[in-house]
Structures are given as C-alpha cells and as structure tokens.
There are 2 protein chains.
Amino acid sequence: MPKSKASPPSAIATAGSASEQRRLQMADIARLAGVSVSTVSRALNGSELINVETRQRVAELARSLNYSINLGARNLRLQESKTVAVVVPYDAKSRQHISDPFFLSIVGSIADALTDRGYDMLLSRVDAERLDLASHWFDSGKAIGLVLIGQWRHHDQLNEMAARKLPLVVWGGEMPQQLYCSVGGDNVLGGTLATRHLLSLGRRRIAFVGDANLPEVWLRRQGYAQALREAGVAVDPALELAAPFEPGVATGIVRKFCAAQTAFDGVVCCSDVLALLTIQALRANGRSVPGDVAVIGYDDMPLAAYCDPPLTTVHQPVAQAGAELVQALLGQLRGERAEPRTMPVHLTVRASAPAAAG
Amino acid sequence: MPKSKASPPSAIATAGSASEQRRLQMADIARLAGVSVSTVSRALNGSELINVETRQRVAELARSLNYSINLGARNLRLQESKTVAVVVPYDAKSRQHISDPFFLSIVGSIADALTDRGYDMLLSRVDAERLDLASHWFDSGKAIGLVLIGQWRHHDQLNEMAARKLPLVVWGGEMPQQLYCSVGGDNVLGGTLATRHLLSLGRRRIAFVGDANLPEVWLRRQGYAQALREAGVAVDPALELAAPFEPGVATGIVRKFCAAQTAFDGVVCCSDVLALLTIQALRANGRSVPGDVAVIGYDDMPLAAYCDPPLTTVHQPVAQAGAELVQALLGQLRGERAEPRTMPVHLTVRASAPAAAG
DNA sequence: ATGAAAGCGCTAACAC
DNA sequence: GTGTTAGCGCTTTCAT
C-alpha cells in the first residue's frame with residue numbers, strides 16, 4: 001500500500017531541505033492556510049465562490065511553496081486529460097529512424113499549436129507496419145487523441161482505426177475512400193508545379209524520385225504525369241525511381257540510377273534530402289546541377305536555402321500544419337465531422353532549378 | 001459530477017458501435033469474465049497468484065475488447081508515472097524556435113532510449129530565459145523528471161533547480177561549480193580537434209564562430225585557443241564572431257563578417273548550420289571553400305555528408321546521448337549521486353576541410 | 001463563503 | 001486462488 005497519509009512536519013518544509021522530499025499536496029496548503037481542501041481547490045481554480053482575500057492568500061502560499069496541482073488526480077476526477085499523442089512512425093525493417101528534417105519540423109509546428117491551446121504533447125514512435133498500436137495512447141487514457149505523421153503504407157490500418165472511432169488526425173494526402181481525417185499539402189499540385197517548372201526550363205527528360213507506395217508520393221506522381229501530358233511529353237517508366245525517404249537506404253539506389261545510362265535533364269524528388277542525395281550522385285558522375293540536370297526537391301526544409309546549390313523546392317505549409325492538425329483533432333473531439341483538408345503549396349525557386357531566362 | 005457509475009448495457013458493446021463510446025474499464029471486464037475487479041487487475045498484471053487459466057481468459061477478453069488499463073488511475077494509485085518530460089528551450093526574443101537539426105536528433109535519441117526502458121516522453125518547449133518554468137512538469141506530477149536540451153545562458157537557473165532537488169539532467173557542457181547533472185560531448189576536445197586540423201592544413205588565420213555566452217561554445221573556444229597556443233599562433237579577438245545558433249539571426253551577422261576586410265583562411269563553426277551559412281557567405285564574396293577558406297562545422301548532423309561541400313565537422317555522440325541522459329536521470333531517481341558526464345568526440349573529415357595532402 | 005463527503009479507476013493489504 | 005475494502009489527490013454536490 002502506498003505511503004501512509006500521516007506525514008512528519010518536515011514534509012511541508014520548503015523545497016530542497018530534505019533529500020527525501022514528499023510531494024506537496026492540497027491538504028498541506030489547506031492546513032497551512034487554515035482552510036479546508038475544498039477551499040484550496042476552488043481558490044486555485046479561481047472560483048468566484050471564494051472570498052477574494054482568501055483566494056489570493058491561498059494562491060500566494062501555493063506559489064511560494066512551489067506547489068502545482070497533481071494533474072493525474074485532477075484528470076482522473078475530471079475525466080479529461082489535455083494531452084495529445086503525436087506519433088512518428090519508424091521503419092523497423094531498415095532499423096532507420098525517421099529523422100527527415102521535414103517530419104521533425106512538423107512535430108515542432110504541432111508542439112507550438114498544442115502549447116498555444118494549453119495541451120501537452122506526448123511524443124512517441126511506432127513501427128510503421130503497426131500503426132494501429134498507436135491507439136494504445138488513447139485506450140489507456142494517456143491522450144485524448146492522436147496525431148500521426150504520415151500514412152506510410154498503411155492507409156488500411158488507418159481506416160480501421162477511424163472506424164473504431166479513435167480520435168485521429170493524420171498528416172498526409174487525401175485518398176479515395178478514406179475514413180480518417182487527413183491534413184496535408186496539395187500533393188498533386190506540388191508534383192505539377194515542380195514538373196511544369198522543369199518543362200518551362202526546356203527540360204523534357206524528367207525523372208521522378210520517390211516511393212509511390214506512399215499515398216503522398218503517389219499523388220505527387222499524378223501531378224507529375226499530368227504536367228507531362230499537358231506538355232505533350234510521354235511518361236517514361238524508366239525515369240521513375242522508387243526510392244524511400246530514409247537516406248541510408250536511398251543513397252545506394254539513387255547512385256545506381258545516376259550512374260546508369262538513363263539520360264535525363266531534370267528531376268523531381270519527393271523530399272529535399274532526396275534532392276541533396278541526387279545532386280551529390282549527379283556531380284559524382286560529372287554532371288552539373290542545374291546545367292546538365294535541374295533538380296527540384298520537396299518540403300522546403302529549413303536548410304534548403306543554405307545548401308549548395310540552394311534548392312528549388314515545393315514549399316509545404318509547415319507553420320500552418322500544426323494548427324490545422326490540432327484544430328481538426330479538437331473539432332473531432334467536439335463531435336464535429338472531420339473533413340480531410342488539403343492545403344495549397346507553392347514552388348520556391350532557387351538555384352538548383354533557376355527561373356527560366358528572360 | 002462525472003458520469004455516474006451506472007451505465008447502459010451498450011457501454012460494453014464492441015468498439016465502433018455507438019458514437020458516444022464510454023471508455024471500457026476493469027469493472028466491465030470483471031463483469032464479463034464473471035470475476036472480481038481485483039482478479040482482473042492481478043491477471044492483467046501477470047500476478048502468479050491467479051490461476052493460469054483465469055489469467056489467460058481475462059487477458060484474452062481484455063485484448064479482444066481493446067481494453068487498456070487506465071494509466072492515470074494506475075499511476076495515481078501507484079504513485080509513479082513512467083513519463084519523462086523533455087524540454088527544448090526556444091528563443092522568445094527572436095521568436096525563433098530552436099529547430100537546429102542537432103537538437104532534433106538529440107530528441108530522437110532520447111525518445112528511443114525512453115521507449116527502450118518503457119517510459120513515455122512528454123515533449124515541450126520553454127522560453128530559454130525561464131528554464132525554471134520547466135519544473136512545472138515535475139511539480140504537477142506529470143513527469144518523474146526532466147531532460148533539458150542545452151544550458152543556454154542560464155547555468156544559474158539550472159543550479160537553482162538542482163538545489164531544489166528536481167530530478168534533472170541537462171544536455172550540455174560541464175562547467176565549474178555546477179550543481180546539476182550534465183551530459184554532453186567533450187567541447188574542449190571538439191574545439192581543439194577542429195582547430196588542430198585546420199592548423200595541420202597550414203592555416204594560420206583561423207576564425208571562431210559561435211556565441212561564447214553559451215557554456216558549450218565557451219568550452220569549445222577554450223579548446224580552440226589552446227590549440228592555437230600549442231601551435232604558437234596568437235589568438236586574435238578580431239577573428240571571433242559572436243553568432244547565435246538561430247539561422248535567422250546568424251545569417252546577417254555571418255554575411256557581414258565574411259564581407260568585411262578581416263582576412264582568414266580557416267573557420268571553426270559551432271554548428272553545422274553555421275558552417276553552411278558561412279560557406280554560402282564566403283562564396284558570395286568570391287572566396288572558395290576549402291581553397292581560400294577551410295570550414296569546419298560542429299555536430300555532424302545527418303545531412304552534413306550530403307551538403308556541398310560535404311562538411312568536415314566535430315562528430316557528437318548523438319546515438320549514445322539519449323541512453324546516457326536517460327540513464328543519468330533514472331539513476332538520480334534511484335537516489336544515486338548523478339555525476340556530470342563528458343563523452344569523447346571525434347573529427348569527421350570531409351571536403352570542406354579535407355585531410356592534409358600527403 | 002466554506003466544509004464534509006463521495007467517488008474518478010485502479011492496486012494491494014487483508015480476509016477467507 | 002479470489003473477493004472485500006481502503007485509499008492515491010483531486011473536484012464538486014450538498015449542507016451549513
């Protein structure tokens with residue numbers, strides 16, 4: 001059985017006195033203030049019922065003793081928990097953690113949005129093959145809902161989770177027959193903008209680098225193919241390279257592709273990191289960027305402007321992303337129907353695929 | 001008052017049935033299994049006291065209903081909470097969030113270490129000027145301890161927090177008269193290795209870029225100065241540039257420095273991002289890297305190898321960092337005296353400051 | 001305006 | 001081996 005209720009006087013001594021410091025609780029504050037526990041509770045919650053003078057005295061005492069309400073107990077009583085779980089999938093097979101700067105930026109953006117609204121963020125990783133395990137955070141009451149970063153290959157698992165009425169929002173692309181709420185950039189538009197830009201530079205042999213098993217990449221490829229068709233350029237499967245986001249795995253694949261005979265004068269990459277890998281591989285083969293091959297990245301990560309060459313890239317609305325994701329989740333919790341949301345993206349033109357001359 | 005204990009039969013229906021789904025609890029499982037709540041509790045916790053057959057039946061039932069123990073209630077009862085708060089300070093003045101790839105890598109590393117040991121991670125940001133506010137997570141019982149990423153300018157606040165007996169570990173450098181437990185790379189060594197390398201390339205006018213108000217940078221500068229002295233090169237204050245980590249603020253400062261008359265042929269930067277900024281500024285001024293100026297970064301961020309030129313940089317032990325930080329924190333919680341820990345670093349040589357010829 | 005008491009969902013000592 | 005019961009620290013109804 002836990003520590004007995006009785007406690008030595010030293011328990012209420014100021015911080016740092018003893019090495020065995022019992023956590024302060026309302027009863028202590030109540031005793032010191034000469035009021036009841038309920039009064040302390042009300043005072044600390046700013047209840048109008050309590051005399052202003054008493055309220056301030058209690059608040060002052062609590063602050064001076066560094067007392068904070070025990071949120072576990074409060075939440076249990078109130079049946080709520082102001083905590084959202086943010087889940088970053090990782091690839092267990094390649095043992096590669098998802099450390100793409102873009103995903104980390106999204107996490108930062110969510111952290112901000114949650115903080116603004118007074119929520120805490122529980123950050124965890126989950127095997128990308130078992131996205132459904134993420135529901136644990138909800139089932140155990142630790143979090144009131146989930147934000148998942150990316151759909152990966154498991155559109156189906158996500159649909160099941162949504163069917164289970166799990167409060168869930170996913171950063172990713174909007175797919176046909178989707179039951180869950182997704183928030184993401186307009187991937188088709190992104191693919192189109194990048195491809196059109198390369199076409200406007202006179203490039204005709206345009207490669208596409210990214211794993212089309214992922215919904216977001218699949219959509220970007222739609223945009224890519226569409227832009228090519230618009231321009232009367234045939235889509236050539238030989239120019240499509242299925243490279244995953246993890247640099248460790250992608251490096252070899254990209255190098256082999258760039259060293260092969262396949263001729264191309266432009267590349268649309270599905271992340272800035274992939275663009276960087278591609279540029280490096282091209283140069284290693286004596287091809288210049290953007291001279292021989294113009295390269296476009298995706299995400300517009302914070303470092304994109306500081307690379308050499310600075311990356312032309314599809315800018316994703318990271319700053320808004322957090323707010324949108326959080327808003328969608330909280331809406332769902334209020335019982336609103338959570339519609340998927342696709343946000344506009346734009347092309348940020350830099351040196352790796354500069355503006356057309358003239 | 002919260003929902004009454006009485007509940008309609010529908011409450012125990014399988015997931016996804018109703019839109020108003022009450023959370024399952026032990027009492028439900030107990031009723032369905034025809035046993036008492038304590039039996040369920042024991043069964044789910046794998047107590048040897050319970051009949052194997054009963055235990056499995058209960059476990060099976062719980063799993064099939066997607067039941068998870070309410071951790072809030074469990075923690076309240078057990079007086080523990082398997083949650084660690086990881087706090088990333090941000091610069092409120094410049095409104096710049098700390099998004100340096102290195103700090104994010106450290107967060108990832110901590111996430112792994114915590115997951116391995118069965119702990120959850122509460123990630124939050126705090127104003128770098130008020131690091132002491134981070135204690136809230138502990139005081140409120142949400143977390144059993146704190147991991148702070150970086151000391152920033154507030155060695156003093158950290159000392160106070162430690163004096164208050166807060167379970168706390170800080171990623172950063174070990175300073176004189178330090179009361180808190182720090183874990184970090186050997187910054188003096190890092191500064192020395194970088195500087196010596198530049199000296200070995202024949203460089204003599206070596207600049208140092210970083211804000212020496214930060215303990216880690218201060219230590220690196222010690223190493224820098226020491227290496228110069230060893231080589232009989234005078235330390236020239238004109239070659240020291242106080243640039244902060246935030247790219248937004250640093251960019252202008254670095255550009256001005258590179259555009260000025262000050263002559264230098266080597267630079268030690270205190271982060272890879274600063275190195276990138278420096279390289280860009282140098283090139284903008286018609287100076288080549290590493291030809292005219294050899295540049296060394298710090299951290300060896302994941303992208304360092306993919307930049308152009310790939311960065312020579314001081315490699316920080318990120319992978320170990322999480323494990324060390326977590327181990328130190330848990331040790332403290334077991335009452336062990338938490339000694340600061342300094343880990344070795346090494347230089348990763350790449351093209352921005354290549355190996356000496358021959 | 002304040003206090004007494006019940007109970008949030010769980011665990012574990014104590015019965016049997 | 002299983003049930004009964006008393007709290008963990010808090011909020012809130014109800015009584016004063």
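Quick note: numbers below take in every heavy atom, side chains included, and nothing from hydrogens, waters or symmetry partners. Since the structure is predicted, the reported quantities are computational estimates derived from the model, not experimental observations. Here is the naming used below: chain letters follow the sequence lines, and residue numbers restart at 1 for every chain.
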Would you give me the side-chain donor-acceptor pairs under 3.5 Å for residues 321-332 of chain B, sequence neighbours excluded?
unit_1 : atom_1 : unit_2 : atom_2 : d
B:E324 : OE1    : B:R341 : NE     : 2.8
B:E324 : OE2    : B:R341 : NE     : 3.3
B:E324 : OE2    : B:R341 : NH2    : 3.2
B:Q332 : OE1    : B:L168 : N      : 3.0
B:Q332 : NE2    : B:L168 : O      : 3.0

(Q) Whether B:N75 contacts C:dC10 is assessed here as follows: a side-chain N or O lying under 4.0 Å from the phosphate OP1 or OP2. Is that the case? (A) no

Axis-to-axis angle for the helix from C:dA1-D:dT16 to C:dC16-D:dG1, ends of five pairs each, to 10°, equals 40°

Task: Salt-bridge present (B:D127, B:R130; N to O < 4.0 Å) - done: no

Could you tell me whether B:R23 sits above the aromatic face of A:F138, with NZ or CZ closer than 6.0 angstrom to the six-membered ring centre and within 45 degrees of the axis? yes

- Looking at A:S41, does any N or O in its side chain come under 4.0 Å of the phosphate oxygens OP1/OP2 on D:dT11? yes

Looking only at D:dT4, C:dC10, D:dG9, the nucleotide nearest the A:L76 side chain is D:dG9

Review point. Does OP1 or OP2 of C:dG3 have a side-chain N or O of A:T39 closer than 4.0 Å?
Key: yes

Does a side-chain N or O of A:Y67 approach OP1 or OP2 of D:dG9 to a distance below 4.0 Å, or not? no

Whole-Å distance, A:R77 CZ to C:dG9 P, equals 10 Å

Sub-3.5 Å donor-acceptor pair from the side chain of B:Q25 to the main-chain atoms of B:A27, do we have one? no

* **Output field: ring centroids A:F103/A:W152 closer than 6.0 Å** => yes

Of D:dC14, D:dC8, C:dA12, the nucleotide closest to the side chain of B:R42 is C:dA12

Among the nucleotides D:dT11, C:dT11, C:dG9, whichever has the atom closest to the side chain of B:N70 is C:dG9

State whether B:K142 and A:D120 are salt-bridged, where the test is any N-O pair (Lys NZ or Arg NE/NH1/NH2 against Asp/Glu carboxylate O) under 4.0 Å.
yes

Of C:dT11, D:dT4, D:dC14, the nucleotide closest to the side chain of B:S38 is D:dT4

Base, sugar-phosphate, or nothing: which does B:L71 touch, judged by heavy atoms less than 4.0 Å apart? nothing

Partner of A:E60 under side chain to side chain donor-acceptor pair (under 3.5 Å), picked from A:R63, A:Q56, A:R57, is A:R63

Requested in this report: Could you tell me whether a side-chain N or O of A:S109 sits under 3.5 Å from a main-chain N or O of A:S105, the two making a donor and an acceptor?
Outcome: no

Does A:Q79 make a side-chain N or O approach to OP1 or OP2 of C:dG7 shorter than 4.0 Å?
no

The correct set of residues in residues 48-62 of chain A placing a heavy atom under 4.0 Å from DNA chain D is none

